[in-house]
Amino acid sequence: MSSKISSHPRVRFAPSPTGYLHVGGARTALYNYLYAKKNGGEFILRIEDTDEARSTQESLRGVVDDLVWLGLMWDEGVDPVTLKDVGPNGPYRQSERLGIYKEIADKLLKDGKAYYCFMTEAEIEKQKEEAKANGSFAHLQSPYQDWPLEKALERLKTGDKAVVRYKTKGLEKDYIFTDLVRGEVKFPSDMVGDFVLLRSDGMPVYNFCCVVDDHLMKITHVFRAEEHLPNTLRQLMIYEAMNWAVPEFGHMALILDEDRQKLSKRKGAVACGQLKDEGYLASAVLNFIALLGWSDPQGRELLSVEDMKQVFDISRLNPSGAIFDRVKFKWVNAQHLRALPNADLWKAIQPFLAREHMELPQDPAWQGKSLDLFKPYMETLADAIELYRPLNDKAYVILPEAEETLKWEPTKAVLASWKNLVQAHPSDYMTEEEFLKLQDEVKNQTGAKGKHLFMPIRVAVIGKPHGAELKTLVPLMKKSSLVSRAEQALAKA
RNA sequence: GUUCCCAUCGUCUAGGGGCCUAGGACACCUCCCUUUCACGGAGGAUACAGGGGUUCAAAUCCCCUUGGGAACGCCA
């Protein structure tokens, strides 16, 4: 077992297509990506689809789409469109590498480092229960571990099924490696029993493919979640048996829920796709998850991927778990959103407005003006829906929060005066100055001032007493629309 | 149960023996800006889990306790 340090790093992200890409996976992908980009190396996407029962094509599609959305593009792996192999070290889908695993397993078998085990599930279960009854905790003891290979091969011919197990016997020692995130980590070899390499149907198991592929794909650094830390022992054993160089490992702490448990769906969105649907920007997702376990040397809170590529450094990776704080996440998103040029922001909110079938003016100047007004109120792209709704005539409603304002003594007079003056206005849209003047006129006619003047007009415009500034909002609205709204408000006063 | 990992404000974190009466960010509170609400600005409150060492000096190094997490699959 030798170690290797390469000045040309090759890292990988290896999702299993058994679900969506969640933020934990996204962060793992991001750190690997950043490490490769910072150090001029390659980022490889490998698909771990050896669990036939759970892996699906749709899920692979989804994971790939999410990575593309995040902008975490890989140098080798599957093509983002066709999902076909791209790169010189493929295939990159483990389900297409079965022959390779079989070959390596055969070598291990021949070298006596692995053996065929014919134990049935019932037998394994029985052994476990016996150990439990004795109050002891023991690893599986297979009666087949010392069978000569020929004998096992003979039995296989009878049609009996067997798994291939790694033989831990004779390996009693500590396995030590230096984790890039946590320093020296030591595992006693008896921490694991004889683990499975190949299932009885010939499919390989995670720890085995992982080692074979990392070696064959010339991976130099493995950054992955902490839950894989104990797996590292098994993998070290396989590296040793094959006499292969061991890559560097770095295990990142988990991302947790508010209750300090592993992030779960129940507490809110954890899937990248869902975050996207809720109106989060890819740049904000990346910014936020990067800071869950890594910090910028200058202490910046707002970073682009480009910024991160410049300064990413594994020595700043934090070994303790981090809670996914949705409130701060929203703030980060709001900052990214407000930093977007109007044209880009407008484009970004279109899918959300389309959900509500809103028809808004095509004029870019109008769009820019409206965005300038609404931006400070937007935390997610989805917020645009409620912000723009008042501008959409069909959707004008007087909200319950307006009730108190409608009950005020001068409200009725204010609304009537407002309606008449707007109706008398000569053009389709009024300017800010015209609005201010008109508002003064209402004041003169009714004697109402302060909030008694202001809030009723706001209700007549947007259906609620609080919100964006009227002098900016009103010029965005057509006269006919203002009149009809004023009438509706008047009817309720 | 066993093994491994982790431990600074409510949360994300800076810090790596003296620069720490512990810094930043989100959230919170107060004030300013504003004829509303947000945005923005200025302040404020809040943390080294506990106990032992080592040292002239410990948030920082070591040990123990406690707490949390992970893994112990023919899942990855």
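Everything quoted here is computed from the prediction, not taken from an experiment. Every chain is numbered from 1 and lettered A, B, ... according to where its sequence line falls, protein lines coming before strand lines.
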Enquirer: Expressed in angstrom and rounded to an integer, what is the separation of F249(A) atom CZ from A70(B) atom P?
Expert: 22 Å
Enquirer: State the pairing partner of C48(B); accept Watson-Crick or G-U wobble contacts with both distances under 3.5 Å, and report none otherwise.
Expert: none
Enquirer: Considering every strand and a 4.0 Å limit on heavy-atom distances, what is the contact class for T50(A): base, sugar-phosphate, or nothing?
Expert: sugar-phosphate
Enquirer: K128(A) NZ to U2(B) P: how many Å, rounded?
Expert: 18 Å
Enquirer: Could you label the plane-to-plane angle of the Y166(A) and F195(A) rings as parallel, tilted or perpendicular, counting under 30° as parallel and over 60° as perpendicular?
Expert: parallel
Enquirer: I want to verify a distance call: between U11(B), A14(B), A71(B), whose nearest atom is closest to the R260(A) side chain?
Expert: U11(B)
Enquirer: Indicate whether any N or O donor in one side chain lies under 3.5 Å from an N or O acceptor in the other, for R316(A) and S295(A).
Expert: yes
Enquirer: Please test N333(A) against T380(A) for side chain to side chain donor-acceptor pair (under 3.5 Å), starting from the C-alpha separation and ending with a verdict.
Expert: CA-CA 7 Å; N333(A) 195 249; T380(A) 67; 5.6 Å; no
Enquirer: Looking at every strand, decide which applies to A322(A) at a 4.0 Å heavy-atom threshold: base, sugar-phosphate, or nothing.
Expert: sugar-phosphate
Enquirer: Does P319(A) reach a base, just sugar-phosphate, or nothing at all? Heavy atoms under 4.0 Å.
Expert: sugar-phosphate
Enquirer: Assign H228(A) to base, sugar-phosphate, or nothing according to its heavy-atom contacts below 4.0 angstrom with the strands shown.
Expert: base
Enquirer: Looking for any heavy atom pair under 4.0 Å, which part of the strands does K186(A) touch: base, sugar-phosphate only, or nothing?
Expert: sugar-phosphate
Enquirer: With a 4.0 Å cut-off on heavy atoms, is G293(A) in touch with a base, just the backbone sugar-phosphate, or nothing at all?
Expert: sugar-phosphate
Enquirer: Any side-chain donor paired with an acceptor under 3.5 Å for Y115(A) and D194(A)?
Expert: yes
Enquirer: Check every strand shown and say whether V163(A) touches a base, only sugar-phosphate, or nothing at a heavy-atom separation below 4.0 Å.
Expert: base
Enquirer: So R316(A), base contact, sugar-phosphate only, or nothing? Heavy-atom distance under 4.0 Å.
Expert: sugar-phosphate
Enquirer: Are any protein N/O atoms closer than 3.5 Å to N/O atoms in nucleotides 21-28 of chain B? If there are, list each pair with its distance.
Expert:
{"from": "G24(B)", "atom 1": "N2", "to": "E301(A)", "atom 2": "OE2", "distance (Å)": "3.1"}
{"from": "A25(B)", "atom 1": "O4'", "to": "E301(A)", "atom 2": "OE2", "distance (Å)": "3.2"}
{"from": "A25(B)", "atom 1": "N3", "to": "K328(A)", "atom 2": "NZ", "distance (Å)": "3.1"}
{"from": "C26(B)", "atom 1": "O2'", "to": "K328(A)", "atom 2": "N", "distance (Å)": "3.4"}

Enquirer: With the side chain of F454(A) defined as its heavy atoms from C-beta on, choose the nearest nucleotide among C12(B), U36(B), A76(B).
Expert: U36(B)
Enquirer: Is the terminal nitrogen or CZ of K375(A) (NZ for Lys, CZ for Arg) located under 6.0 angstrom from the six-membered ring centre of Y377(A) and within 45° of that ring's axis?
Expert: no
Enquirer: Using a distance-only criterion (donor-acceptor N/O pair, under 3.5 Å, no hydrogens), is the base of C37(B) paired with the side chain of Y377(A)?
Expert: yes
Enquirer: From the set A14(B), C5(B), C74(B), return the single nucleotide nearest to any side-chain atom of R165(A).
Expert: C74(B)
Enquirer: Of the listed nucleotides (A38(B), U13(B), C5(B)), which one gets closest to any side-chain atom of E226(A)?
Expert: C5(B)
Enquirer: For residues Y31(A) and H221(A), establish whether the separation of their ring centroids is below 6.0 Å.
Expert: no
Enquirer: Between A76(B), C4(B), A71(B), which nucleotide has the shortest distance from any of its atoms to the side chain of F187(A)?
Expert: C4(B)
Enquirer: Decide yes or no, distance alone: a donor-acceptor N/O pair under 3.5 angstrom between the base of A71(B) and the side-chain of N231(A).
Expert: no
Enquirer: Minimum heavy-atom separation for K161(A) to F118(A), with atom names?
Expert: O-CD2, 3.5 Å
Enquirer: If we take the C1' atom in both C32(B) and G24(B), what is their distance in whole Å?
Expert: 23 Å
Enquirer: Should we count CD of E404(A) as having more than 12 external heavy atoms under 6.0 Å?
Expert: no
Enquirer: Could you identify the nucleotide paired to U60(B), looking across every strand shown and requiring Watson-Crick or G-U wobble geometry with both distances under 3.5 Å?
Expert: none
Enquirer: Consider the side chain of L254(A), meaning its heavy atoms from C-beta on, and name the nucleotide among C74(B), A70(B), U36(B) that approaches it most closely.
Expert: A70(B)
Enquirer: Could you check whether E469(A) gets within reach of a base, just the sugar-phosphate, or nothing at all, counting any heavy atom under 4.0 Å?
Expert: base
Enquirer: H466(A) has a side chain; which of U11(B), C37(B), C4(B) sits nearest to it?
Expert: C37(B)
Enquirer: Would you kindly give the OH-to-P distance between Y20(A) and A76(B), to the nearest whole Å?
Expert: 18 Å
Enquirer: Given A70(B), C39(B), C4(B), which nucleotide is nearest the side-chain atoms of R338(A)?
Expert: C39(B)
Enquirer: Would you mind classifying the nucleic acid contact of S200(A) as base, sugar-phosphate or nothing, using non-hydrogen atoms under 4.0 angstrom?
Expert: base
Enquirer: When both hydrogen-bonding distances must be under 3.5 Å and the geometry is Watson-Crick or G-U wobble, what is C72(B) paired with, if anything?
Expert: G1(B)
Enquirer: Side chain of R234(A): nearest nucleotide among C4(B), G73(B), C72(B)?
Expert: C72(B)
